[in-house]
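Notes follow the structure.
Chain A is the first sequence line, chain B the second, and so forth, proteins listed ahead of strands; every chain is numbered from 1.
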Amino acid sequence: MSNAVVVNEVLKKFGKPTDQTWRRLLPYKPNTNGSKSQDNGRKPIVLAVNRVSFDMLEGEIFGVLGPNGGGKSTLIRLISTLLLPDAGTITVFDRDVVRQPRQVQWMINRVSVEASFFKKLSPMENLLYGARLYGMAGGDIRSKVIEILTRLGLDKRAILNPMEEMSRGMQQKVAVARALLSRPRLLLLDEPTTGLDPRSKREVQAVVRELREEHGVTILLTTHDMTEAETLCDRIAIMDQGSIVAMNTPEKLCTMVPSPNGHKPTLEDVFLELTGKSLVADEEKEVA
Amino acid sequence: MSLAVHQLRATYAFVERNANIVRRYWSWEMVWMIYSIADSLSVSFIGMGFEQMGGGSSEVDGRYLVLYFVIGTLVWRYLSTIFYWITDVIGIERWEGTIEYTLMAPVSRLTHMAGQTFFAVIYSLLFTAVVLLANVVVFDIDMQQANLLGGTLVLLAGSFSFIGVGIMASILPLLFPERGSQMTHVLIALLLLVSGVYYPVSVLPSPLKEMATFSPATYVLGGTRQALLEGVSTIELWIYIWPVLIMGVILIPVGLWIFRQAELYAKRTGKLHRNG
Ligand SMILES: Nc1ncnc2c1ncn2[C@@H]1O[C@H](COP(=O)(O)OP(=O)(O)OP(=O)(O)O)[C@@H](O)[C@H]1O
Ligand SMILES: [Mg+2]
């Protein structure tokens, strides 16, 4: 098996460069004390992704876990050409995301937490738009949309009514369908099951498994559901404050921390242990 | 699949999507249509008002003035509708939250703009035609000596320059997520002021008069009025056509280039998305 994704020393900061440009134009120079955060109400610098490196094998389901603000979505945006890295490189099936974005875009699709649709348009109209962008013909799209959405448990009537009339979970299923329509080789799933009921969750998880098993799709998945991560992922990276603090198979990760009270540690224990420490350490730093 | 077929299908994606949006927001379209008709008529009535205030005996020719205003409001409606549809290329998707999905699709910005522009021109033509119809019903418009073909040519040529202006302005919502859309109104208001929509630009004081030279709308309005009011021949209209063609040839590629820079800037600084 070859590498599907290679992420090498990737760095992404938010909040700095533009402010600096303006600062140079100011007649007076506000004193910044060389500190990292900027004063006079400017946004402080956030190191969203901090020198992250990892490889994903073709056909692998790779999980990224981490606390809110850990940098998971930023990482996914960097891979999907929506953000440009400040340093480091990312390749998707040997294409560089910065230098060959179009070639990368052909091979990927993404599901994000928020469903993101034209609210007054129906799922069918939204998906026609989405899939045409990938060069698909109208007839093919229509039949596939029905197929995928009924598979995900959406009834036919809902497919032709405006999105705004649908619940969040139903909208999320349409978002999953949008990503599947273009037959991506790499699927980026940013909390695809957040907000879904237990049955819908399983339906989506089954689709994810099937994609890998029957079509060899490579999948990067972020989730806050530890069971989901454990059952779906071949390997898991835990990301905290922009850095990967651990990366291994779910079983091996569970051996990384001491057992809390005689039980075998769960993935949740590992998560809490590995992402909790740095929080405490940070508070200490601030006090000092 | 060949690249050309793919890009053509992608172009159609934008046309179809916009048509669907118009259909789903049809009540809003009706409101906007009524507003536009009322706006056009109320300005054009000024022509008749002038004649009456002048006592009917003066040199004020009411019918000439009405047609002068009708042309002004229609040309302006047409150009500004094109402008707004194109500048909204980012704004509308930011509002709906779909922008990231469109910008991560394998579609060139040229294809993207071509789709949006094609729809904008067709929509604006249809919309303006309805407003024209209302004017024809209300006013007894005499077009016997008008050069209709020439007027249409000027209008179509002018579309290109306004497409360029629209593409340039469309980066505002990309750069300024909160206020970008409002900024485009300022631009259109300035163009309205200097382009001579309701008066000859010769009445403008010095700095504004010079600005008029750089507004493509000045030539479109001048040309269509010469064609429809004075019946000037198509050959003679050339002096109105070449400036807007040149503006289009310069503004469209420059606009696309600027858009590309703005897109890269947004991707560097994380301005594409708001949440998640
Ligand atoms: N476009 C942006 N502009 C400025 N800061 C941003 C932007 N996107 C993300 N950030 C910041 O980068 C950090 C990482 O955010 P990110 O969304 O990647 O976290 P996450 O791991 O996906 O969190 P969650 O689990 O809540 O989805 C946060 O501090 C966030 O505020
Ligand atoms: Mg996130």
- Contact class of B:Thr11 relative to chain A, heavy atoms under 4.5 angstrom: neither
- Query: For A:Val46, is it the side chain, the backbone, both, or neither that has a heavy atom closer than 4.5 Å to a heavy atom of chain B?
  - Reply: neither
- Face-on cation placement of A:Arg178 at B:Tyr101 ring, 6.0 Å and 45° thresholds: yes
- Item | Proximity breakdown for A:Pro162 and chain B, heavy-atom pairs closer than 4.5 Å | both
- If one checks every heavy atom of B:Thr111 against chain A at 4.5 Å, the contacting part turns out to be neither
- Note on the structure: Output for pair (B:Leu103 CG, A:Thr81 OG1), nearest 0.5 Å, gives 8.5 Å
- State, yes or no, whether a side-chain contact exists between B:Pro106 and A:Met107 at a heavy-atom distance under 4.5 Å. no
- Query: Is A:Ser116 reaching over with its side chain to a backbone N or O of B:Gly97, donor-acceptor style, under 3.5 angstrom?
  - Reply: yes
- Query: Does a sphere of radius 6.0 Å around CZ in B:Phe118 hold more than 12 heavy atoms from other residues, nucleotides or ligands, not counting ones at 6.0 Å or beyond?
  - Reply: no
- Task: Could you tell me whether a side-chain N or O of A:Arg132 sits under 3.5 Å from a main-chain N or O of B:Ala13, the two making a donor and an acceptor?
- Result: no
- Message: Please classify the contact of A:Ser122 with chain B as side chain, backbone, both or neither, using a heavy-atom distance under 4.5 Å.
- Response: both
- Message: Restricting to non-hydrogen atoms, name the atom on B:Thr102 and the atom on A:Leu133 that form the minimum distance, rounded to 0.1 Å.
- Response: CA-CD1, 4.2 Å
- Task: Evaluate salt bridge (Lys or Arg N to Asp or Glu O under 4.0 Å) for B:Glu96 paired with A:Lys120, printing each intermediate quantity in order.
- Result: CA-CA 10 Å; B:Glu96 299 274 6; A:Lys120 283 261 190 268; over 6 Å; no
- Message: Please give me the minimum heavy-atom distance between A:Glu125 and B:Asn20, naming the atom from each residue.
- Response: CG-ND2, 3.6 Å
- Task: Report the C-alpha distance between B:Glu93 and A:Phe118 in whole Å, list the side-chain angles of each, state the deciding distance to 0.1 Å, and finish with yes or no for side-chain contact (heavy atoms from CB on, under 4.5 Å).
- Result: CA-CA 8 Å; B:Glu93 296 219 59; A:Phe118 289 89; 3.7 Å; yes
- Note on the structure: CG of A:Leu82 to CD of B:Glu100, rounded to nearest 0.5 Å, is 5.0 Å
- Query: Under a 4.5 Å heavy-atom cut-off, does chain A meet the side chain of B:Leu8, its backbone, both or neither?
  - Reply: neither
- Item | Proximity breakdown for A:Asn109 and chain B, heavy-atom pairs closer than 4.5 Å | both
- Message: Apply salt bridge (Lys or Arg N to Asp or Glu O under 4.0 Å) to residues A:Glu164 and B:Arg24 and explain how you reach the verdict.
- Response: CA-CA 12 Å; A:Glu164 61 184 359; B:Arg24 294 276 183 184; over 6 Å; no
- Query: Are B:Lys267 and A:Leu83 close enough, and set up right, to give a side-chain contact (heavy atoms from CB on, under 4.5 Å), and what steps lead you there?
  - Reply: CA-CA 4 Å; B:Lys267 287 182 173 182; A:Leu83 282 173; 5.5 Å; no
- Query: If you measure from CZ on B:Arg17 to CG on A:Leu121, what distance do you get to the nearest 0.5 Å?
  - Reply: 8.5 Å
- Distance in Å, B:Lys271 NZ paired with A:Phe14 CZ, rounded so as to fall on 0.5 Å steps: 10.5 Å
- Message: How about CG on A:Asp94, more than 12 heavy atoms from neighbouring residues, nucleotides or ligands closer than 6.0 Å, or not?
- Response: no
- Select one option (side chain, backbone, both, neither) describing which atoms of A:Lys12 are under 4.5 Å from chain B's heavy atoms. side chain
- Query: Where on A:Ala137 is there a heavy atom nearer than 4.5 Å to chain B: the side chain, the backbone, both, or neither?
  - Reply: both
- Rounding to 0.5 Å, atoms OH (B:Tyr12) and CG (A:Leu128) come to a distance of 9.0 Å
- Message: Can you tell me how far apart NZ (A:Lys119) and CD1 (B:Ile21) are? Round to the nearest 0.5 Å.
- Response: 10.5 Å
- Does any donor atom in the side chain of B:Thr98 or A:Tyr129 lie under 3.5 Å from an acceptor atom in the other side chain? no
